[in-house]
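Chain A is the first sequence line, chain B the second, and so forth, proteins listed ahead of strands; every chain is numbered from 1.
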2 protein chains.
Amino acid sequence: MRLEDEIQQKEFKDDYSKAIVNILFTQSYIVTKQNNFLKPYGLSPEQYNVLRILRGQNGNPITVSSIQDRMLNKMSNASRLVEKLKQKGLVLREECPADRRQVDIMITEKGLQLLNQLQEEILNQNNNLIQLNQQEVSQLNFLLDKLRG
Amino acid sequence: MRLEDEIQQKEFKDDYSKAIVNILFTQSYIVTKQNNFLKPYGLSPEQYNVLRILRGQNGNPITVSSIQDRMLNKMSNASRLVEKLKQKGLVLREECPADRRQVDIMITEKGLQLLNQLQEEILNQNNNLIQLNQQEVSQLNFLLDKLRG
DNA sequence: TTGTATTAAATGTATATACATACAAATGTA
DNA sequence: TACATTTGTATGTATATACATTTAATACAA
């Protein structure tokens with residue numbers, strides 16, 4: 001559906017201005033659906049993202065600042081998100097022996113099981129969320145990667 | 001720059017999963033720049049968006065719920081954003097005579113002047129933010145509009 | 001080695017999102 | 001008309017973002 005109709009705006013100054021708003025609006029569309037999906041599991045989209053980063057470590061610990069670097073939102077707050085996940089028993093946090101300023105974070109077995117439980121449904125949902133064919137979605141990824149310079 | 005490099009992820013399950021993350025990451029990229037731009041003017045991106053909606057009314061009042069409908073984030077809170085803008089003298093809020101539950105919102109002269117002051121720079125920034133040529137940005141808008149179904 | 005600078009993480013505060021609830025005004029129906 | 005329902009807005013609470021500050025540990029230079 002045309003963005004102009006969805007937000008009841010007659011027209012944009014130019015395609016660049018429309019693209020800005022289009023990306024923000026589409027992000028909200030996606031996060032809303034993700035949020036609805038994850039809520040029954042007690043996870044926010046951001047917490048889910050941190051869990052995926054930890055799973056990607058394949059059992060190796062990772063520091064809080066490395067998590068921060070890999071997060072989708074660079075201005076987020078990995079320290080507090082990790083604390084939330086720890087309270088749910090999904091991650092472990094322990095002082096790094098080599099550098100006592102750092103804190104090693106690892107996903108727990110419970111965290112891994114939760115991700116595995118979600119995995120199949122998430123893949124399906126991702127496909128349903130994006131009403132594009134394979135060639136179009138590949139083109140979209142190309143354009144977004146290029147957009148950021 | 002490739003998303004995989006920016007968030008240090010080896011690969012995605014498929015292009016659909018990458019597209020989800022790509023949109024979220026690109027939104028954060030844009031909002032961060034918008035935020036940096038708007039901060040000197042004391043506006044958040046969301047407050048700026050509400051002001052633009054009000055300007056689009058060409059002097060006609062609009063209710064809080066109509067603002068909500070047109071906002072980029074449907075789950076936002078127009079009532080509180082309007083209150084912030086009112087405190088800054090950028091909008092007026094008055095009871096709607098036809099229906100006393102409703103509240104008519106209008107942009108003030110000060111609000112209009114602020115938007116005009118920003119306009120030129122915003123257009124330039126939008127172009128710089130998106131490192132795509134005219135044909136590519138048009139294609140991006142087409143894909144995002146289609147994506148949401 | 002001592003003092004300074006840097007780094008990692010945590011914490012404090014303001015704003016915004018997500019959602020539930022409250023309350024008053026309007027609407028619809030018996 | 002009386003009463004239940006719906007609607008528009010405001011408000012309360014939890015989570016997250018944006019950013020400044022704090023604290024402890026480490027690195028480095030005089």
Can we say K146(A) and E136(B) salt-bridge, meaning some charged N sits less than 4.0 Å from an Asp/Glu carboxylate O?
yes
Which of the following nucleotides, dA26(C), dA10(D), dT17(D), is nearest to the side chain of L81(A)?
dT17(D)
Quick note, Q47(A) side chain, CB onward, closest among dT15(D), dC19(C), dA9(C) is dT15(D)
When N35(A) and D99(B) are each assigned the nearest nucleotide of DNA chain C, the 5'-most assignment goes to N35(A)
Which part of the nucleic acid, if any, lies within reach of [X] when heavy atoms closer than 4.0 Å are counted: base, sugar-phosphate only, or nothing?
{"X": "N49(B)", "result": "nothing"}
{"X": "N73(A)", "result": "sugar-phosphate"}
{"X": "E83(B)", "result": "nothing"}
{"X": "T63(B)", "result": "sugar-phosphate"}
{"X": "D104(B)", "result": "nothing"}

Closest heavy-atom contact between T32(B) and S28(B)?
OG1-O, 2.8 Å
Where each residue is assigned the nucleotide of DNA chain D containing its nearest heavy atom, which of N77(A) and V103(B) is assigned the position nearer the 5′ end?
V103(B)
Contacts of R101(A) and E46(A) projected onto DNA chain D by closest heavy atom; the upstream (5') one is E46(A)
For the salt bridge (charged side-chain N to carboxylate O under 4.0 Å, His left out) test, which of R148(A), R70(A), K74(A) pairs with E6(B)?
R148(A)
